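If you're wondering where the values come from, they're calculated on a predicted model, not measured in any experiment. Residue numbers start from 1 in every chain, and the chains themselves are labelled A, B, ... in the order their sequence lines are given, proteins ahead of strands.
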2 protein chains.
Amino acid sequence: MTIARERPTLEAVARRAGVSRATVSRVVNGSTTVAGPIQEAVRQAVRELGYVPNLAARSLVTQRTDSIALILPESATRVFSDDQFFPGIVRGVSQELEAADKQLVLIMAGSAASYDRVERYTTGRHVDGVMFASMHGVDPLPGTLARIGIPVVCSGRPMGRSTPPVPYVDVDSVGGAANAVRHLLDAGRQRIATIAGPQDMVAGVDRLAGYRSELKGSRRRSIVANGDFTRESGAVAMRQLLDDDPALDAVFVASDLMAHGALRTLREAGRRVPDDVAVVGFDDVEIARYTDPPLTTVRQPIIEIGREMVRQLLRIAQGEEVEEALILPTELVIRQSA
Amino acid sequence: MTIARERPTLEAVARRAGVSRATVSRVVNGSTTVAGPIQEAVRQAVRELGYVPNLAARSLVTQRTDSIALILPESATRVFSDDQFFPGIVRGVSQELEAADKQLVLIMAGSAASYDRVERYTTGRHVDGVMFASMHGVDPLPGTLARIGIPVVCSGRPMGRSTPPVPYVDVDSVGGAANAVRHLLDAGRQRIATIAGPQDMVAGVDRLAGYRSELKGSRRRSIVANGDFTRESGAVAMRQLLDDDPALDAVFVASDLMAHGALRTLREAGRRVPDDVAVVGFDDVEIARYTDPPLTTVRQPIIEIGREMVRQLLRIAQGEEVEEALILPTELVIRQSA
DNA sequence: GTGAAAGCGCTAACAT
DNA sequence: ATGTTAGCGCTTTCAC
């Protein structure tokens with residue numbers, strides 16, 4: 001490694017260029033009120049010394065860091081699994097932050113210890129704003145940040161109340177699930193089961209709520225098994241459902257990944273899809289087009305969620321008031337499984 | 001959003017607790033030299049005021065941020081593709097950083113503009129150290145960081161020279177590739193082709209070099225097609241190879257993902273694997289066990305690369321000298337495809 | 001247009 | 001054991 005020589009400061013550049021610190025600061029920050037020759041002299045001194053501004057010092061006075069955190073309260077393993085939710089959010093967020101010339105710092109925190117670190121990191125103002133995605137249970141951190149005046153936006157309605165309420169971007173999960181079930185009812189299905197998502201996540205809760213509410217009108221009873229949004233849990237839950245009600249003829253699955261697992265179980269059990277059992281998923285991830293048969297599913301605009309989170313965050317950072325909730329629509333995509 | 005009230009400072013806490021700033025600082029930072037009752041008074045003032053330390057101010061004086069960046073010069077889409085390299089690195093890095101209680105900030109930079117931001121972010125000392133993975137071509141940033149005294153470690157030998165040289169962690173790609181080819185030679189294969197990785201990445205270059213060097217001893221000629229480590233590029237390159245030499249009886253593929261694509265092409269072309277054409281991959285990602293037939297491949301310890309990067313980085317940060325290169329071994333895993 | 005000076009919020013000698 | 005003091009490196013009035 002290099003000998004870490006003393007880092008040149010503004011002061012050093014100023015001395016070398018024969019000007020004041022203030023002038024160097026102006027040049028470095030692109031102020032136009034500096035005379036041409038002086039600008040050039042300063043730039044040369046910067047080059048010769050290899051000067052790089054100290055961002056800690058800068059943000060101590062400006063109160064800005066020009067970077068934004070996206071917190072994923074999940075382990076790296078989960079984030080990089082084949083769940084297409086994370087890539088979608090990250091892509092949407094990246095695109096929009098790119099346009100605003102802000103640095104995205106992505107932070108995963110699957111363990112309690114790492115979550116403490118995240119709290120320190122974010123409350124300490126290392127970033128100008130914080131976005132949360134994939135939250136579990138009641139999480140006090142977003143509320144804490146909002147309270148100390150750090151802009152926050154969540155993806156998905158936060159569970160529990162906080163003062164002030166934390167703004168969020170979500171899709172109409174309840175409506176989407178209800179549509180899916182309606183579709184199955186319209187097709188004349190009699191025994192419609194569901195594989196629900198994890199009930200510590202709002203997406204899991206809402207999709208189940210949509211299922212129940214739509215079923216309530218009809219005289220049908222609900223048949224529920226639980227999964228955790230992974231493919232494997234979908235396979236297991238489907239097995240459970242078949243045991244509970246061998247005569248079921250439809251299943252609404254709260255995620256495509258779980259639906260994929262459920263398809264496998266159905267095939268193994270000798271059920272034809274959709275002839276014997278109709279299947280509807282949720283998310284419209286890429287795999288939904290390649291399953292056998294292709295999956296009827298509820299499309300949600302994941303990338304848009306990411307983009308809208310950023311837009312809301314930037315509005316908040318500029319002191320604008322924003323609505324607490326921004327809800328994006330879902331759309332039923334009918335393919336061959338139902 | 002909340003009214004962003006004035007943020008309480010150390011000063012405010014000190015006044016409220018009736019002590020000096022220094023004492024508050026001691027309590028906040030867990031110094032033991034503060035009397036019990038005073039500690040309690042300070043903690044209470046902290047609680048009442050909702051005090052949170054300003055990290056910019058702190059790091060301005062301590063010269064530390066307790067966070068480390070991992071830079072992936074790739075788009076989010078690529079990082080979250082099914083290439084298992086990224087998750088492996090991230091997991092290794094996370095594990096090891098967890099143990100050191102440092103915050104990992106993950107930064108993707110697929111475009112030129114975003115790479116400029118990354119340069120500002122890292123040179124500006126927002127982080128105590130920087131790791132690079134998946135570098136393309138000759139990248140000046142690691143050298144720049146090293147020169148201004150910021151600890152840097154790369155995954156994979158950096159292309160081009162820099163002063164001072166940037167330490168790196170790599171696997172023995174050349175040796176691994178050579179072993180793969182030797183295995184094919186030992187099996188009596190006569191016309192051994194290769195699908196090389198992208199030649200702007202050192203992993204691509206080295207694996208090709210290993211292939212060539214091992215082939216040189218035998219009188220066989222080399223047959224090369226290029227891919228970019230994606231599955232699709234492997235399928236295309238395999239098509240190319242079959243056109244170039246319909247009689248080839250073996251192919252060393254520089255990544256399992258490309259090998260997966262190549263298997264598809266071979267099947268479509270009516271070639272049996274390994275009877276007609278033997279295939280060896282590289283990486284030993286999970287999919288290699290599920291291809292048809294399961295893939296003989298070169299295993300590299302990706303997670304270990306991540307862990308070792310962190311270890312090296314922490315050593316450097318503590319002022320220790322480290323070797324420029326840390327090379328981890330590869331291992332040939334023989335399955336049914338060769 | 002440029003410089004002087006005041007501070008951003010914190011830590012770390014040094015004094016007591 | 002606690003307080004006083006001097007910066008860390010920068011931006012930003014305010015004078016000139």
State whether T33(A) places a side-chain N or O below 4.0 Å from either non-bridging phosphate oxygen (OP1 or OP2) of dG1(C). no
Pairing donors with acceptors under 3.5 angstrom, does anything connect the side chains of Q312(A) and R315(A)? yes
For D128(A) and Q63(A) the tightest heavy-atom approach is OD1-O, 4.4 Å
Fit a plane to each ring of F80(B) and F80(A), take the angle between them on a 0 to 90° scale, and name the class: parallel (under 30°), tilted (30 to 60°) or perpendicular (over 60°). parallel
Residues forming a side chain to side chain donor-acceptor pair (under 3.5 Å) with E308(B), sequence neighbours excluded: R311(B)
Residues D66(B) and Y121(A): side-chain donor-acceptor under 3.5 angstrom: no
Sugar-phosphate or base contact per nucleotide [nucleotides 9-14 of chain C; S, B, -; heavy atom under 4.0 Å]: BBBBB-
